[in-house]
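The next block holds one structure in the form of structure tokens; read it before the comments.
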Amino acid sequence: ETGVTQSPTHLIKTRGQQVTLRCSSQSGHNTVSWYQQALGQGPQFIFQYYREEENGRGNFPPRFSGLQFPNYSSELNVNALELDDSALYLCASSLEGPGNFNEQFFGPGTRLTVL
Amino acid sequence: QKEVEQDPGPLSVPEGAIVSLNCTYSNSAFQYFMWYRQYSRKGPELLMYTYSSGNKEDGRFTAQVDKSSKYISLFIRDSQPSDSATYLCAFPPGGGSYIPTFGRGTSLIVHP
């Protein structure tokens, strides 16, 4: 196990609703990245937070937003859910800043189903 | 043309076989190359990380990079049922961009 935890494990929402997913980083890690992994696809980078600031964003609309807290835990918020948002959402923590993807540890993910 | 091409499989092999997993990429800015293993209902875990062309070996795993052909491979020797998973190639960004790119993954099944 990597020490990165995510909650909830899975959840079901309906179109138009809002959802908050949570991630607890591995001890000592100050950088967290969020990914969306659709079924049968590789992870797609949503954004990265470093020391509570967004640092890099993939091709996702503004209804995907995040927060990183002083203890380096993190949230991913998605507003106005769409059917295509159904996916596994992964967070990954790493030490010391952007670009350190070789030291990135993934959590088990949250499976989101939008009906 | 997609930035990264990876055959989704599934690839089914008998225990003990040598497995070859491959990705092609089009972005010549990719300088680092990674392979992740993802078990069902788990997050990806890093297997191999390499920078240069050539081979890098770690136990039963060998990563091979051919930058001139934009082609990377992961070889698994003496494959075991516990190797059954999805294998993702990944390309950390360079040139000031922090957006990594993943292949779609190849599903590997090693049967006893």
Side-chain angles (χ1 to χ4, degrees), chain A residues 1-10 21 23-26 31-51 53-60 87-112, chain B residues 2-11 21-25 27 29-52 56 58 63 65 72 74 85-108:
Chain A
E1 298 299 323
T2 63
V4 179
T5 60
Q6 292 186 244
S7 63
T9 304
H10 56 269
L21 311 181
C23 172
S24 179
S25 299
Q26 183 158 313
T31 304
V32 64
S33 300
W34 283 92
Y35 296 84
Q36 180 194 68
Q37 186 175 24
L39 195 62
Q41 302 297 318
Q44 297 289 316
F45 178 78
I46 302 174
F47 44 55
Q48 184 181 74
Y49 277 80
Y50 171 58
R51 293 185 176 176
E53 297 285 331
E54 184 178 299
N55 178 72
R57 188 178 184 94
N59 188 26
F60 282 82
L88 180 69
Y89 288 85
L90 296 160
C91 77
S93 73
S94 56
L95 266 174
E96 209 50 52
N100 201 10
F101 289 98
N102 57 314
E103 298 288 347
Q104 191 171 221
F105 296 90
F106 282 86
T110 293
R111 172 73 62 188
L112 172 65
Chain B
K2 285 188 175 179
E3 200 167 35
V4 177
E5 299 276 1
Q6 185 175 16
D7 187 331
L11 176 62
L21 304 163
N22 312 295
C23 283
T24 58
Y25 62 95
N27 189 341
F30 290 156
Q31 296 296 315
Y32 296 85
F33 310 92
M34 308 169 80
W35 285 95
Y36 283 84
R37 177 175 62 195
Q38 186 174 21
Y39 290 114
S40 180
R41 304 180 192 280
K42 299 284 189 181
E45 58 177 321
L46 182 64
L47 276 179
M48 301 284 285
Y49 169 73
T50 185
Y51 170 73
S52 59
K56 180 178 179 180
D58 185 0
V65 175
I72 66 172
L74 177 70
T86 296
Y87 290 81
L88 300 151
C89 58
F91 303 84
S97 167
Y98 299 117
I99 299 176
T101 303
F102 283 79
R104 65 182 299 181
T106 298
S107 175
L108 172 67

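Proteins get letters first, then strands, A, B, ... in listed order; numbering begins at 1 in each. Just so we're clear, the structure is a prediction, and the values are computed from it rather than from any experiment.
- Between chain B and the options A/Gly109, A/Gly58, A/Ala38, A/Pro43, the largest number of non-hydrogen pairs under 4.5 Å is found for A/Pro43.
- Listed by chain and residue number, nothing satisfies the salt bridge (Lys or Arg N to Asp or Glu O under 4.0 Å) test with B/Arg41 (two or more places apart in sequence, or in another chain).
- To the nearest 0.5 angstrom, A/Gln37 atom CD is 8.0 Å from B/Thr86 atom OG1.
- Crowding of B/Tyr51 atom OH: a count of heavy atoms from other residues, nucleotides or ligands under 6.0 Å not exceeding 12.
- With a 4.5 angstrom heavy-atom cutoff, A/Arg57 touches chain B only via backbone atoms.
- To the nearest 0.5 Å, the span separating CD on B/Gln6 from CD on A/Gln41 amounts to 10.5 Å.
- Shown here for B/Pro44 and A/Leu90, the closest heavy-atom pair between the two residues is CD-CD1, 3.8 Å.
- A/Gln104 CD to B/Tyr36 OH: the interatomic distance, rounded to the nearest 0.5 Å, is 5.0 Å.
- Only the side chain of B/Gln38 comes within less than 4.5 Å of a heavy atom of chain A; its backbone N, CA, C and O stay farther away.
- Residues B/Pro100 and A/Tyr35 come closest through the heavy atom pair CG-OH, 3.3 Å.
- Note on B/Gly103, B/Gly43, B/Cys89, B/Ser107: by heavy-atom pairs under 4.5 Å with chain A, the leading option is B/Gly43.
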